[in-house]
**Student:** 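First, the structure itself, so that you have it in front of you.
Given the structure is predicted, the values throughout are model-derived calculations rather than measurements.
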Amino acid sequence: NNHVGDYTLVAFKETLSRLIENNILYAGAGKDYKEATTPAVINVRGLDVGFLAMSDVGPEWMKATDNRAGILLANDPNIVDIIAIAKMSVDVLVVSFHFGDEYSPVNSRQEKLAHTAIDAGADIVVGHHPHVMQRFEVYKDKPIFYSLGNFIFDQYFSPHTLQGMVATVFVNPDTKDITSQMQVSPISTQYIPQLLVPFDESMLVNRTFIP
């Protein structure tokens with residue numbers, strides 16, 4: 001995400017090595033551009049689920065190149081092809097965007113990126129960065145969760161930053177299509193995520209606020 005370079009490229013590369021040592025998959029980053037644009041794949045009940053990730057809020061200097069470790073940026077000119085190629089290798093493709101404005105509703109840039117991703121082959125789009133829950137939608141029968149909000153964090157200054165959501169999407173194992181079933185479960189994010197009362201639209205941010 002946008003803090004991936006906070007402790008320099010040296011620490012970033014060490015993080016990758018620690019993840020590899022402990023068999024933890026990661027997406028949207030790598031030792032070079034090829035790895036950063038290759039989906040991480042998990043086999044779930046016979047289905048290959050791929051994960052691509054990218055940041056639309058930088059840091060620009062951390063972008064991966066052919067001979068340098070880094071992250072995949074959402075403004076990459078090849079992003080449509082990257083998504084299309086990734087989809088060819090998996091049954092279900094999840095594209096994760098670190099995008100949007102903090103503590104604000106969905107903006108037009110988020111909509112454009114999410115729709116472009118699905119047009120290119122993504123089956124599910126998941127967003128994060130605003131620290132609050134934003135609206136979700138179904139576009140061309142594919143779900144878009146613009147911002148899941150916080151999961152485990154310490155922002156106590158607003159009811160909205162003390163909440164997040166867990167999105168559950170169902171896939172038909174035979175057709176590999178996303179089904180019409182979808183669940184959104186709100187959670188309290190105070191260190192130990194706990195399920196809250198059933199989802200209510202008032203939990204979604206519909207105006208910008210300043211912490």
Side-chain angles (χ1 to χ4, degrees), residues 1 19 23-28 39-56 74 83 86-87 89-100 102-106 110-111 113-153 155 158-206:
N1 59 35
L19 293 172
N23 297 312
I24 298 174
L25 297 180
Y26 54 86
V41 180
I42 299 175
N43 187 274
V44 182
R45 301 177 185 176
L47 293 179
D48 285 332
V49 181
F51 294 84
L52 270 181
M54 60 203 77
S55 175
D56 195 44
I83 294 171
K87 173 58 179 176
S89 65
V90 297
D91 298 311
V92 177
L93 179 64
V94 181
V95 173
S96 173
F97 284 105
H98 203 71
F99 63 0
E102 292 183 339
Y103 323 116
S104 301
V106 175
Q110 288 172 275
E111 290 182 341
L113 285 173
H115 291 183
T116 296
I118 289 178
D119 289 340
D123 296 294
I124 303 167
V125 172
V126 180
H128 31 82
H129 177 65
H131 293 290
V132 293
M133 287 189 285
Q134 294 178 334
R135 66 177 175 83
F136 46 91
E137 69 176 12
V138 176
Y139 172 75
K140 295 187 176 180
D141 297 324
K142 304 296 175 66
I144 299 172
F145 304 93
Y146 283 104
S147 175
L148 298 180
N150 288 331
F151 187 68
I152 300 176
F153 218 56
Q155 294 183 325
S158 162
H160 287 294
T161 55
L162 288 171
Q163 297 174 349
M165 73 169 83
V166 174
T168 304
V169 178
F170 297 87
V171 181
N172 186 312
D174 298 318
T175 65
K176 303 174 185 178
D177 292 330
I178 304 298
T179 73
S180 58
Q181 301 179 66
M182 187 173 68
Q183 295 178 357
V184 175
S185 304
I187 57 171
S188 170
T189 67
Q190 298 184 47
Y191 297 111
I192 301 176
Q194 300 181 40
L195 288 176
L196 296 172
V197 295
F199 173 78
D200 185 281
E201 287 195 1
S202 66
M203 296 176 176
L204 303 177
V205 166
N206 55 24

**Student:** Minimum heavy-atom separation for Ile152 and Pro193, please, with both atom names.
**Tutor:** CG1-CG, 3.6 Å

**Student:** Compare every heavy atom of Leu195 with every heavy atom of Ser185, then report the nearest pair and how far apart it is.
**Tutor:** CB-CD2, 3.7 Å

**Student:** Nearest 0.5 Å please: distance from the CD1 atom of Ile118 over to the CG atom of Asp141.
**Tutor:** 9.5 Å

**Student:** How far apart are the C-alpha atoms of Val106 and Glu111, what are their side-chain angles, what is the distance that settles it, and do they pass the side-chain contact (heavy atoms from CB on, under 4.5 Å) test?
**Tutor:** CA-CA 7 Å; Val106 175; Glu111 290 182 341; 3.8 Å; yes

**Student:** Would you check if there is a donor-acceptor pair between the side chains of Gln163 and Asn150 at a distance under 3.5 Å?
**Tutor:** no

**Student:** Determine whether a donor-acceptor pair (N or O, by modelled atom type, separation under 3.5 Å) exists between the side chain of Ser147 and the backbone of Val132.
**Tutor:** yes

**Student:** Atom CG of Asn206 and atom OG of Ser104: how far apart are they, to the nearest 0.5 Å?
**Tutor:** 11.0 Å

**Student:** Are His115 and Tyr139 near enough that their ring centres are under 6.0 Å apart?
**Tutor:** yes

**Student:** One pair to check against side-chain contact (heavy atoms from CB on, under 4.5 Å): Ser55 and Asn1. What are the steps and the verdict?
**Tutor:** CA-CA 6 Å; Ser55 175; Asn1 59 35; 5.6 Å; no

**Student:** How long is the span from the CG atom in Asp48 to the CG atom in Asn43, to the nearest 0.5 Å?
**Tutor:** 5.0 Å

**Student:** Determine, for Lys142 against Glu137, whether the closest basic-nitrogen to carboxylate-oxygen distance falls under 4.0 angstrom.
**Tutor:** no

**Student:** Quick check against the 3.5 Å criterion: does Gln181 have a side-chain atom that pairs as donor or acceptor with the backbone of Val169?
**Tutor:** no

**Student:** Return the orientation label for the His128 and His98 ring planes: parallel under 30°, perpendicular over 60°, tilted otherwise.
**Tutor:** tilted

**Student:** Rounded to the nearest 0.5 Å, what separation is found between the NE2 atom of His160 and the CD atom of Gln155?
**Tutor:** 13.0 Å

**Student:** Kindly check if the number of other-residue, nucleotide or ligand heavy atoms within 6.0 Å of CD1 (Ile192) is above 12?
**Tutor:** no

**Student:** Heavy atoms, side chains only, cut-off 4.5 Å: are Val166 and Ile187 in contact?
**Tutor:** yes

**Student:** Applying ring pair (Phe, Tyr, Trp, His ring centres under 6.0 Å), can you list everything that pairs with Phe170, at least two apart in sequence or on another chain?
**Tutor:** none

**Student:** Can you tell me if Asn172 and Asp177 form a side-chain donor-acceptor pair at under 3.5 Å?
**Tutor:** no

**Student:** Between Phe97 and Phe145, is the ring centre distance below 6.0 Å?
**Tutor:** no

**Student:** Please report the interatomic distance CD(Gln134) to NE2(His129), rounded to the nearest 0.5 Å.
**Tutor:** 10.0 Å

**Student:** Is the shortest side-chain heavy-atom distance between Thr179 and Val171 below 4.5 Å?
**Tutor:** no

**Student:** Below 4.5 Å, heavy atoms only, C-beta onward: do Val205 and Tyr103 meet side chain to side chain?
**Tutor:** no

**Student:** Can Phe99 and Gln110 be said to form a side-chain contact (heavy atoms from CB on, under 4.5 Å), step by step?
**Tutor:** CA-CA 7 Å; Phe99 63 0; Gln110 288 172 275; 3.5 Å; yes

**Student:** Against Ile124, only a single residue in Val95, Ile144, Ile178 fulfils side chain to side chain contact (heavy atoms under 4.5 Å, CB included); can you say which?
**Tutor:** Ile178

**Student:** Locate the shortest heavy-atom distance separating Pro39 from Ala86; write the atom from each residue and the value.
**Tutor:** CG-CB, 3.9 Å

**Student:** By ring pair (Phe, Tyr, Trp, His ring centres under 6.0 Å), which residues pair with Phe153, not counting sequence neighbours?
**Tutor:** His131

**Student:** First locate atom CG of Leu93, then atom NZ of Lys87, and finally report the distance between them rounded to the nearest 0.5 Å.
**Tutor:** 6.5 Å

**Student:** One pair to check against side-chain contact (heavy atoms from CB on, under 4.5 Å): Val197 and Met203. What are the steps and the verdict?
**Tutor:** CA-CA 11 Å; Val197 295; Met203 296 176 176; 3.9 Å; yes

**Student:** Taking the side chain as every heavy atom from C-beta outward, state whether Phe199 and Pro186 have any pair of such atoms under 4.5 Å apart.
**Tutor:** yes

**Student:** Tell me the closest heavy-atom pair linking Leu52 and Ile83, and the distance in Å.
**Tutor:** CD1-CA, 3.9 Å

**Student:** Thinking salt bridges, do Lys140 and Asp119 make one under a 4.0 Å N-O criterion?
**Tutor:** yes

**Student:** Quick check: do Met165 and Phe136 have side-chain heavy atoms less than 4.5 Å from each other?
**Tutor:** yes

